[in-house]
Amino acid sequence: MPDNPPLKALPKIPCHVAVIMDGNGRWAKARGLPRIAGHRAGTENLRRVITACVEFGIKYLTIYAFSTENWGRPQEEVSGLMNIIEEVIERELSELHKQGVRLLHLGHLDGLSPNLREKVIKAVALTKNNDRLVLSIAFNYGGRDEIACAIRRMIDEGIKAEDVNETLISKYMFTDGVPDPDLIIRTSGEMRTSNFLIWQAAYSEWYTPQTLWPDFGREELYKAIEEYGKRDRRFGKISSEDYSNNQKPC
Ligand code: IPE
Ligand code: IPE
Ligand code: MG
């Protein structure tokens, strides 16, 4: 059997998929391995998911890799995660560049080691003209921190109160230029935002499979998109079908 057997064409592809890659620790625990082995398995899986996004025609993928709250984990795990992200950039960058992936970073660079900071800046610069898939990595990212940071910048730049509106606020977010996510996937069955894209997710569809992140591959992504295709996104309005039903005489 080929690695990637052909799948039936999907009728509706979300433009932007965001993923809370959760469950690495539980994946490792279930195998009697140290948590860091779960994080490594998680990065292996990331490659599969990126390739599948390109295959399915998804234009924007955002992944939550390290939250502002994750600094509170034991020092050993934090430094392990920092090393992994550095290794991943080093190992994957040229292949991602070849695949036409543009890399963006969401979050703060300060707080990261000078080496890692430099690698992130270089990766973003190298891939800036690619347009097959925009891959945003939320790393040292928190949604509340992003909003606080946006307010600080608006005040610093002397924005007048009467000019503050939703469009302007969006421009001050780390995600400026990236459309709001259509679909947010959180693996491992947890059902909370954990501070991810809390401004941008106002009308995103959620999908929360039990599958742990290292096991969430191409077929699972396909199922998520299939499920997304069945959702009726009303954005607070009513569907056109319900509207015409309402007009029918009783
Ligand atoms: C997600 O996996 C990865 C990061 C938060 C960096 P976890 O490490 O949260 O895995 P669980 O939730 O403990 O299984
Ligand atoms: C969210 O997962 C952060 C990332 C996946 C990077 P966590 O595992 O840190 O979230 P909580 O603690 O379960 O809410
Ligand atoms: Mg977790």
Side-chain angles (χ1 to χ4, degrees), residues 16-50 53 60-92 103-113 116-117 119-120 123 135-149 173-175 178 181 183-201 204 206-217 220-221 224:
H16 181 180
V17 175
V19 185
I20 303 179
M21 309 183 291
D22 201 11
N24 294 348
R26 278 162 282 172
W27 184 93
K29 194 173 174 200
R31 287 161 179 77
L33 297 169
R35 290 179 57 86
I36 209 72
H39 295 311
R40 287 200 187 282
T43 60
E44 288 300 313
N45 186 47
L46 188 52
R47 192 187 303 144
R48 288 193 282 274
V49 170
I50 294 169
C53 282
Y60 294 86
L61 172 67
T62 297
I63 52 170
Y64 202 10
F66 191 89
S67 72
T68 43
E69 289 71 36
N70 289 150
W71 290 108
R73 294 189 178 196
Q75 182 48 39
E76 196 189 338
E77 176 154 347
V78 171
S79 50
L81 282 164
M82 295 294 154
N83 290 339
I84 287 178
I85 191 95
E86 211 171 311
E87 284 165 27
V88 169
I89 298 177
E90 199 145 301
R91 199 179 61 219
E92 305 290 334
L103 283 169
L104 297 176
H105 171 244
L106 311 179
H108 289 290
L109 285 175
D110 37 289
L112 307 182
S113 74
L116 179 50
R117 213 179 307 162
K119 285 204 170 85
V120 174
L135 172 62
S136 304
I137 307 179
F139 186 78
N140 194 13
Y141 171 89
R144 287 185 169 186
D145 172 64
E146 179 180 38
I147 293 168
C149 189
M173 294 289 158
F174 296 129
T175 48
V178 173
L183 173 66
I184 301 182
I185 299 169
R186 181 170 188 155
T187 54
S188 84
E190 308 288 359
M191 295 195 206
R192 55 181 169 273
T193 67
S194 298
N195 208 7
F196 185 48
L197 302 179
I198 52 177
W199 170 262
Q200 299 85 344
S204 305
W206 283 82
Y207 181 76
T208 56
Q210 292 298 322
T211 316
L212 304 174
W213 170 250
D215 294 327
F216 185 91
E220 290 268 351
L221 179 66

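As the structure lists them, so they are numbered: ligands from 1, and atoms in each ligand from 1.
The closest non-hydrogen atom to atom 10 (O) of ligand 2, taken over R192, R73, R186, comes from R186.
Under the 4.5 Å side-chain criterion, counting only non-hydrogen atoms from C-beta, Y64 is in contact with N195. Side-chain contact check for I84 versus I36: some heavy-atom pair is nearer than 4.5 Å. Considering only heavy atoms from C-beta on, Q200 comes within 4.5 Å of P181 through its side chain. In this structure the side chain of I147 reaches within 4.5 angstrom of the side chain of I198, judged on heavy atoms. Under the 4.5 Å side-chain criterion, counting only non-hydrogen atoms from C-beta, T193 is not in contact with I184.
The protein heavy atom nearest to atom 1 (C) of ligand 1 is M21 O, 3.0 Å. Looking only at heavy atoms of the protein, atom 4 (C) of ligand 2 is closest to Y64 CD2, 3.8 Å. Closest to atom 2 (O) of ligand 1 among all protein heavy atoms lies N24 N, 3.3 Å.
Atoms of ligand 2 found under 4.0 Å from any heavy atom of N70 (numbered from 1 in listed order, with element): 3 (C), 6 (C), 9 (O). Interface of A65 with ligand 1, defined as ligand atoms under 4.0 Å from a residue heavy atom, comprises 6 (C). Every atom of ligand 2 is numbered from 1 in the order shown, and the set under 4.0 Å from a heavy atom of F66 is 6 (C). Taking every non-hydrogen atom of S194 and a distance limit under 4.0 Å, the qualifying atoms of ligand 2 come out as 1 (C), 10 (O), 11 (P), 14 (O). Less than 4.0 angstrom separates some heavy atom of D22 from each of these atoms of ligand 1: 1 (C), 2 (O), 7 (P), 9 (O), 10 (O), 11 (P), 12 (O).
Side-chain atoms of N45 come within 3.5 Å of backbone N or O of F216 as a donor-acceptor pair.
With a 4.0 Å cut-off on non-hydrogen atoms, H39 touches ligand 1 through its side chain and not its backbone.
Note on ligand 1: S188 sits outside its first shell, no heavy atom being nearer than 4.0 Å. The shortest separation from a heavy atom of E190 to ligand 1 is not under 4.0 Å, leaving the residue out of contact.
Within a 4.0 Å radius of atom 12 (O) of ligand 2, the protein contributes no non-hydrogen atoms.
Annotation: R26 places an N or O atom under 3.5 Å from an N or O atom of ligand 1; distance criterion only.
When the Mg ion (ligand 3) is compared with the N/O/S atoms of D22, atom OD1 turns out nearest.
Using bins of under 30°, 30° to 60° and over 60° for the plane-to-plane angle, the ring pair F66/W71 lands in the perpendicular bin.
Shown here is E76, whose CD atom has no more than 12 heavy atoms of other residues, nucleotides or ligands within 6.0 Å.
Residues H108 and N140 bring no donor and acceptor atom of their side chains to less than 3.5 Å of each other.
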Show your working on salt bridge (Lys or Arg N to Asp or Glu O under 4.0 Å) between R144 and E69 and close with a plain yes or no.
CA-CA 11 Å; R144 287 185 169 186; E69 289 71 36; over 6 Å; no
